[in-house]
Every structure is written in structure tokens, then in C-alpha cells.
Amino acid sequence: MPSTNSNDILERLRHPEKFKERRKMTRNLFIRNILNSIFILVALVAMIGILVDKAHMMIWYATGLFSVIIKMVEVMLRMPGIKNK
């Protein structure tokens with residue numbers, strides 16, 4: 001019984017046009033990872049700001065809202081139909 005690794009190699013040899021598609025997915029994944037990292041950092045800054053600085057709550061809430069917008073952009077990149085249009 002052949003291993004899944006050898007099946008993968010044979011599949012690549014049969015369909016070389018799919019290699020470019022996989023490479024695009026890798027780039028998409030890289031961008032998503034960067035956006036997720038930015039989201040985590042901005043959300044953390046907003047939460048710490050809310051806990052520490054009670055005088056400027058609206059600024060920290062706006063920062064938290066900005067982090068949610070970043071996350072929404074990342075989620076849009078996950079949708080397969082979006083990048084085809």
C-alpha cells in the first residue's frame with residue numbers, strides 16, 4: 001500500500017497547474033497570519049488601556065473596535081468566493 005506522501009507527489013506530477021494555486025494559498029495564509037498577529041496585539045493594547053486608563057475610555061474602545069475591523073478583514077480572506085471575483 002503506497003504512502004500518502006507518494007500519492008501527493010504523483011498527484012503533483014499529474015496536475016502541475018495546481019502548484020500555482022497552492023502557492024497563492026500560502027501567500028494568503030501568510031497575510032492572514034500577519035493580520036491575526038496585528039489583531040491580537042491591538043486587542044491586547046485596547047484591553048490593557050481600558051483596565052489601566054479610566055480617564056480615556058473612548059480611545060481604548062475605539063482601539064478595540066479597530067482591532068475587530070482588522071479581524072473582519074482577515075475573515076474575509078478566508079472566504080473562497082471573495083478572491084475569485
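The figures that follow rest on heavy atoms only: side chains count, while hydrogens, waters and symmetry mates do not.
- Under the 4.5 Å side-chain heavy-atom criterion for grouping Ile, Leu, Val, Met, Phe, Trp and Tyr, I50 is not connected to L65 through any hydrophobic cluster.
- Considering I34, T26, N28, N33 as possible partners of F30, the one that fulfils the side-chain contact (heavy atoms from CB on, under 4.5 Å) test is I34.
- In this structure, L51 and K54 approach most closely via the heavy-atom pair O-CE, 3.7 Å.
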Open item on the list: The test is side chain to side chain contact (heavy atoms under 4.5 Å, CB included); show your working for K71 and L35 and say whether it passes.
Closed with: CA-CA 7 Å; K71 185 63 178 176; L35 286 173; over 6 Å; no
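- Interatomic distance, OG1 of T63 versus CD1 of I48, reported as 12.0 Å (0.5 Å rounding).
- Under the 4.5 Å side-chain heavy-atom criterion for ILVMFWY residues, a single connected hydrophobic cluster contains both I40 and V42.
- In this structure, CZ on R32 lies 12.0 Å from OG on S37, to the nearest 0.5 angstrom.
- For the residue pair G64 and A46, the shortest heavy atom distance occurs at N-CB, 3.5 Å.
- I38 and I69 fall into different hydrophobic clusters, where Ile, Leu, Val, Met, Phe, Trp and Tyr are joined by side-chain heavy atoms under 4.5 Å apart, directly or via other members.
- Tracing side-chain contacts under 4.5 Å through hydrophobic residues (I, L, V, M, F, W, Y), one reaches I70 starting from L77; they form part of the same cluster.
- One distance of note links CG of L44 with OG of S67; it measures 10.0 Å at 0.5 Å rounding.
- Follow the hydrophobic side-chain contacts under 4.5 Å out from V45 and you reach M57 in the same cluster.
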TODO: Just do the side chain to side chain contact (heavy atoms under 4.5 Å, CB included) check on F39 and V73 with the steps written out, would you?
DONE: CA-CA 10 Å; F39 161 71; V73 170; over 6 Å; no
